[in-house]
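A, B, ... follow the sequence lines: proteins, then strands. Residue 1 opens every chain. FYI, side chains are in, hydrogens and waters are out, and symmetry mates aren't considered; it's all heavy atoms of this structure. Predicted, not measured: the structure shown is a model, and the values here were computed from it.
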There are 2 protein chains.
Amino acid sequence: MSSRYDAMTEALHQAGHRLTPQRCAICRYLAASREHPSPERVYERVREEFPAVSLATVYNTLTVLRDLGEIIEIPGTTEGLRYETNLEPHINLICLHCGRIRDLPSDSLSIVQNAIHNDSGFDLYGLRVDGFGLCSACRTAEEDKSHD
Amino acid sequence: MSSRYDAMTEALHQAGHRLTPQRCAICRYLAASREHPSPERVYERVREEFPAVSLATVYNTLTVLRDLGEIIEIPGTTEGLRYETNLEPHINLICLHCGRIRDLPSDSLSIVQNAIHNDSGFDLYGLRVDGFGLCSACRTAEEDKSHD
DNA sequence: TTATATGCAAACTTTTTGCACATGC
DNA sequence: GCATGTGCAAAAAGTTTGCATATAA
């Protein structure tokens, strides 16, 4: 079992939350996911294992995990919530055309963190960096179109 | 009139959109605002001048301005859309306690932009950097509480 | 004049809430 | 055993859409 899963269930346990089978299934999926899932997507996937699971349970668990800092909310380009399950500092490259989100690790973020520490009395818990634009695949497609 | 306002109305005009009084009022408010308004907030403010203005008109105009790149959508901490009217690269410091968003200009962002240009075939249109944590006021309040 | 925008209201989507029952600890 | 969590369903919140009327260009 991955350490992300262990960290999530450990955090739930430490905070006095129960490790129900539904919650474990949600954590298992989140820990394995690299697709920045929406609540609906989590629901679909968990339902494969627990057909009777409720959307309310999914929302509940996502909220608890977010409050514990185990996942991070990111803005869907327009369509509601998405969750970041990768806690390593990184840049989200969000394609405005196909909607895909790619994680780009970068040392440059430590410089941003330093800038925040130095320039303000702000106590930083988490950093989110989103780059909006066209991914290489969509950029190629756009260029092809303009050649018509 | 501010150059932000001019830029917005100019962009609308260039794109073939009409400069209705409602739209101008929306732009006027956005250009002056430093409060990262929600659609509802824009609606309230514009209604002071146009009591009969419709929420649909507000959404319509915000969408058009966003598509033109004159404003940027940012994630409300939880409560729906918020708009960034400050197009200068900066860090949003979002307080998890009081919800306030403070803009912090920073040279460090050009390093992030370079990192994106160098490490991927991504065509970057816009960058959003959100720091989550406690603002100095709320941090002080939290510390006071823990002294009880 | 005429294509675009507006206001209104209804529809839709997403998220939250209340409550009776179930269950992890 | 009991506080917490679950499933269900209804409600609330947020956003989009359709259409008749108004209007900027």
Side-chain angles (χ1 to χ4, degrees), chain A residues 8-29 36-68 70-83 99, chain B residues 8-30 36-68 70-71 73-83 99:
Chain A
M8 288 181 187
T9 51
E10 181 68 11
L12 286 171
H13 185 246
Q14 289 297 326
H17 294 286
R18 290 186 191 162
L19 294 177
T20 65
Q22 293 90 333
R23 281 192 173 158
C24 291
I26 292 169
C27 290
R28 214 176 302 125
Y29 168 61
H36 305 87
S38 63
E40 191 64 34
R41 183 83 178 118
V42 176
Y43 177 54
E44 280 172 17
R45 289 314 212 79
V46 171
R47 222 167 17 156
E48 292 171 5
E49 195 174 343
F50 290 89
V53 75
S54 149
L55 237 194
T57 296
V58 171
Y59 272 99
N60 171 341
T61 302
L62 290 172
T63 301
V64 171
L65 287 171
R66 182 204 57 196
D67 291 345
L68 293 173
E70 289 298 322
I71 57 177
I72 299 174
E73 271 179 20
I74 53 178
T77 21
T78 34
E79 351 68 51
L81 298 173
R82 301 278 293 267
Y83 285 90
Chain B
M8 289 181 187
T9 52
E10 180 68 12
L12 286 171
H13 185 246
Q14 289 296 326
H17 294 287
R18 289 185 189 165
L19 294 177
T20 65
Q22 293 92 333
R23 280 190 174 160
C24 291
I26 292 168
C27 291
R28 215 176 302 126
Y29 168 61
L30 291 173
H36 305 87
S38 63
E40 192 65 33
R41 182 83 179 121
V42 176
Y43 178 54
E44 281 172 17
R45 290 313 212 79
V46 170
R47 220 163 22 152
E48 293 172 4
E49 196 174 345
F50 290 90
V53 76
S54 152
L55 237 193
T57 296
V58 170
Y59 272 100
N60 170 342
T61 302
L62 289 173
T63 301
V64 171
L65 287 171
R66 181 204 56 197
D67 290 346
L68 293 172
E70 289 298 322
I71 57 177
E73 269 179 22
I74 53 177
T77 20
T78 33
E79 352 67 50
L81 298 173
R82 300 279 294 268
Y83 285 91

Asker: Take the protein atom CG of B/Leu19 and the nucleotide atom P of D/dA22, then report the distance between them rounded to whole Å.
Answerer: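 It is 22 Å, rounded to the nearest whole Å.
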Asker: Which atom pair, heavy atoms only, marks the closest approach of B/Cys27 to B/Leu65?
Answerer: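 Heavy-atom minimum between the residues: SG-CD1, 4.1 Å.
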Asker: Measure the distance from CZ on B/Arg47 to C1' on C/dG7 and round it to the nearest whole Å.
Answerer: 13 Å
Asker: Mind listing the side-chain donor-acceptor pairs of residues 18-25 of chain A below 3.5 Å, one per line with the distance, residues two or more places apart or on another chain?
Answerer:
unit_1, atom_1, unit_2, atom_2, d
A/Thr20, OG1, A/Arg23, N, 3.2
A/Arg23, NH1, A/Arg18, O, 3.3
A/Arg23, NH2, A/Asn60, OD1, 3.4

Asker: Closest heavy-atom contact between B/Tyr43 and B/Ser54?
Answerer: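 Shortest heavy-atom contact: CE1-C, 3.8 Å.
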Asker: Which residues in residues 8-18 of chain A have at least one heavy atom lying under 4.0 Å from any atom of DNA chain C?
Answerer: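 Close to the strand are A/Arg18.
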Asker: Are the charged groups of A/Arg47 and A/Glu44 less than 4.0 angstrom apart, N to O?
Answerer: no
Asker: Do A/Ile71 and A/Met8 have side-chain heavy atoms sitting under 4.5 Å apart?
Answerer: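 Yes, their side chains come closer than 4.5 Å.
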Asker: Strictly below 4.0 Å: does B/Ser38 bring a side-chain N or O up to OP1 or OP2 of D/dG14?
Answerer: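 For D/dG14, neither OP1 nor OP2 has a side-chain N or O of B/Ser38 closer than 4.0 Å.
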Asker: If I take atom OH in residue A/Tyr59 and atom C1' in nucleotide D/dG14, what distance separates them, rounded to the nearest angstrom?
Answerer: 12 Å
Asker: Find the distance B/Asn60:CG to C/dC8:P and express it as a whole number of Å.
Answerer: 15 Å
Asker: Between protein and nucleic acid, restricted to nucleotides 7-11 of chain D and to nitrogen or oxygen atoms under 3.5 Å apart, what atom pairs and distances do you find?
Answerer:
unit_1, atom_1, unit_2, atom_2, d
D/dG7, OP1, A/Gln22, NE2, 3.3
D/dG7, OP2, A/Ser54, N, 2.9
D/dG7, OP2, A/Thr57, OG1, 2.6
D/dC8, OP2, A/Ala52, O, 3.4

Asker: In this structure, how many angstroms lie between the C1' atom of D/dG14 and the CZ atom of B/Arg41, rounded?
Answerer: 18 Å
Asker: Do A/Thr63 and A/Arg66 come close enough that some side-chain heavy atom pair is under 4.5 Å?
Answerer: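 Result yes, sub-4.5 Å side-chain heavy-atom pair found.
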Asker: Measuring to OP1 and OP2 of D/dT4, would you say a side-chain N or O of A/Arg23 lies under 4.0 angstrom away?
Answerer: no
Asker: Measure the spacing between OH of A/Tyr59 and CD of A/Glu40 and express it to the nearest 0.5 Å.
Answerer: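 A/Tyr59 OH to A/Glu40 CD: 7.0 Å, rounded to 0.5 Å.
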Asker: What closest approach, in Å, do B/Ile26 and B/Val58 show between heavy atoms, and which atom pair accounts for it?
Answerer: CD1-CA, 4.0 Å
